Amino acid sequence: MPPRKIIIDTDPGQDDAVAILLALASPEDIEVLGITCVAGNVPLPLTTRNARIVCELAGRPDVPVFAGADRPLGRDLVTAEHVHGKTGLDGPTLPEPTMPMADGHAVDFIIEQLAEHAPGTVTLCPLGPLTNIAMALQKQPAIANRIAKIVLMGGGYFEGGNITPTAEFNIYVDPQAADIVFKCGAPIVVMPLDVTHKALVTRSRNDAFRALDTPVGVAVAEMTDFFERFDKEKYGSAGAPLHDPCVTAYMIQPHLFKGRHINVEIETTSELTMGMTVADWWGVTDRAPNATFMGDIDADGFFTLLTERLARL
Ligand code: BDR
Ligand code: CA
């Protein structure tokens, strides 16, 4: 099978960075058409900086990186420096990027790519708030029919939320955008906290990254070292959850994940549960299924894939 064409929409973030590195390390499976940045973990000037740092770390300054929305559709931006550090990519010391930003707006790039390529051949991989994707759907609704799939990290159901008791960060930051995306009609695959909290960088998995003894291996070990202090303190877990790489791993080895095709709706009005992904896991409503909501991961298989692929960079 030829490599699947993807656009990575992202707010790096250490785990976004690892997701991008995994994609760039896997050209036989994934062709990265471009990276579109959104405000999320940190403000847009930092997410665009960090995305370029990651491309340069991977030796891929040729990948076009676009700036997108600098705020959610209808709310103030909420950021997550408490998790990712002041720069969003705290941990390793990496050089400031020298590659330029690509010309044009992220939203227009998404629309153009979907128009240029045959219908059903471009997959969107959102790793942050869904603002850019929703803006593209609002500006050009016809693109919904041309999207192969939207494979996104966001939400949580049995696991609850990580920014409020009921909401996961990416959905909480822009619930209105998430609502537009979940209603757009394109096939959707969701990697919620229920899955990503099982993808933990334990000490031995972190050692395996470091033992690659390459700039990428060491940087990933240092990123996950930094990122893990927050989750260890909060959850008492064995290490940092690698949320976003679940998306790019799914593009390479979908059999690592198990889930159900169900109805998922986004809470957009209640302040108490704002941004909750209301997942009809047990099929107790007659609302039509609109997403494959993952519930489980083969974590050992996932880390084996990740370490093998990162070794190539
Ligand atoms: C999500 O929020 C961000 O902090 C991570 O990069 C991930 O995309 C997890 O809730
Ligand atoms: Ca992210």
Side-chain angles (χ1 to χ4, degrees), residues 6-23 35-44 46-51 53-54 65 68-69 72 77-91 106 124-133 150-175 177-178 181 189-201 220 223-224 226-231 234-235 237 239-250 266 274-277 293-294 297:
I6 70 168
I7 296 172
I8 301 179
D9 188 72
T10 179
D11 61 339
Q14 294 89 348
D15 62 320
D16 302 70
V18 180
I20 295 168
L21 291 169
L22 175 60
I35 295 179
T36 52
C37 297
V38 66
N41 286 322
V42 283
L44 189 68
L46 283 171
T47 62
T48 54
R49 163 192 180 264
N50 295 346
I53 289 179
V54 174
V65 175
L77 177 64
V78 175
T79 52
E81 287 87 354
H82 59 295
V83 182
H84 300 274
K86 216 159 40 95
T87 66
L89 208 54
D90 281 17
L124 305 181
C125 294
L127 310 177
L130 290 160
T131 320
N132 285 339
I133 312 297
I150 302 173
V151 184
L152 66 93
M153 191 281 137
Y157 191 62
F158 295 101
E159 192 67 4
N162 60 356
I163 184 85
T164 75
T166 54
E168 179 279 329
F169 179 78
N170 289 341
I171 306 293
Y172 179 77
V173 172
D174 200 342
V181 170
V189 176
V190 185
M191 295 294 168
L193 296 176
D194 307 82
V195 166
T196 67
H197 279 178
K198 293 175 187 153
L200 299 177
V201 188
V220 167
M223 283 183 212
T224 53
F226 179 87
F227 188 40
E228 82 170 3
R229 91 217 176 287
F230 174 79
D231 286 86
K234 181 171 169 195
Y235 299 106
S237 56
L242 276 188
H243 306 283
D244 295 339
C246 291
V247 167
T248 41
Y250 176 86
I266 310 297
M274 183 65 77
M276 181 179 183
T277 42
F293 197 83
M294 293 301 177
I297 177 176

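Position 1 is the first residue of the sequence; numbering continues from there. Basis for what follows: all heavy atoms, side chains included, without hydrogens, waters or symmetry-related copies. None of these values were measured; they are calculated from a predicted model. We count ligands from 1, going down the list as the structure has it; atoms in each ligand are counted the same way.
Tested against Leu77 for a side chain to side chain contact (heavy atoms under 4.5 Å, CB included), the candidates Val42, Leu44, Val173 yield a single pass: Val173. Of the candidates Val201, Val18, Leu22, Val18 is the only one forming a side chain to side chain contact (heavy atoms under 4.5 Å, CB included) with Val220. Applying the side chain to side chain contact (heavy atoms under 4.5 Å, CB included) test between Leu124 and each of Leu130, Ile6, Val181, Ile133 identifies Ile133 as the sole match. Each of Asn170, Asn50, Thr131, Asn132 was evaluated against Asp11; a single residue qualifies, Asn170, per the side chain to side chain contact (heavy atoms under 4.5 Å, CB included) test.
The single protein non-hydrogen atom nearest to atom 3 (C) of ligand 1 is Asn41 OD1, 3.1 Å, given as residue, atom name and distance.
Looking at Asn170, Asn162, Asp15, it is Asn170 that brings a heavy atom closest to atom 2 (O) of ligand 1. In this structure, of His197, His82, Glu168, the residue bringing a heavy atom nearest to atom 10 (O) of ligand 1 is Glu168.
For the pair His84 and ligand 1, a heavy-atom separation below 4.0 Å is found.
Nearest N/O/S atom of Asp244 with respect to the Ca ion (ligand 2) is recorded as OD2. For Asp11, the N, O or S atom with the smallest separation from the Ca ion (ligand 2) is OD1.
Remark: ligand 1 and Leu127 share an N or O pair separated by less than 3.5 Å (distance only, no angle test). Between Asp244 and ligand 1, an N or O atom pair is found at a separation short of 3.5 Å.
Rounding to the nearest 0.5 angstrom, the gap separating the CZ atom in Phe158 from the CG atom in Asp194 is 7.0 Å. Residue Thr48 holds its OG1 atom at 7.5 Å from CG of Leu46, rounded to the nearest 0.5 Å.
Residues Val247 and Leu127 form a side-chain contact, since some pair of their non-hydrogen atoms from C-beta on lies under 4.5 Å apart. Between Thr277 and Ile266, some side-chain heavy-atom pair lies under the 4.5 Å cut-off.
If you look at Asp16 next to ligand 1, the close heavy atoms, those under 4.0 Å, all belong to the side chain.
Metal site remark for the Ca ion (ligand 2): Asp15 contributes no N, O or S atom at a distance under 3.0 Å. At a cut-off of 3.0 Å, Leu127 is counted among the residues with an N, O or S atom near the Ca ion (ligand 2).
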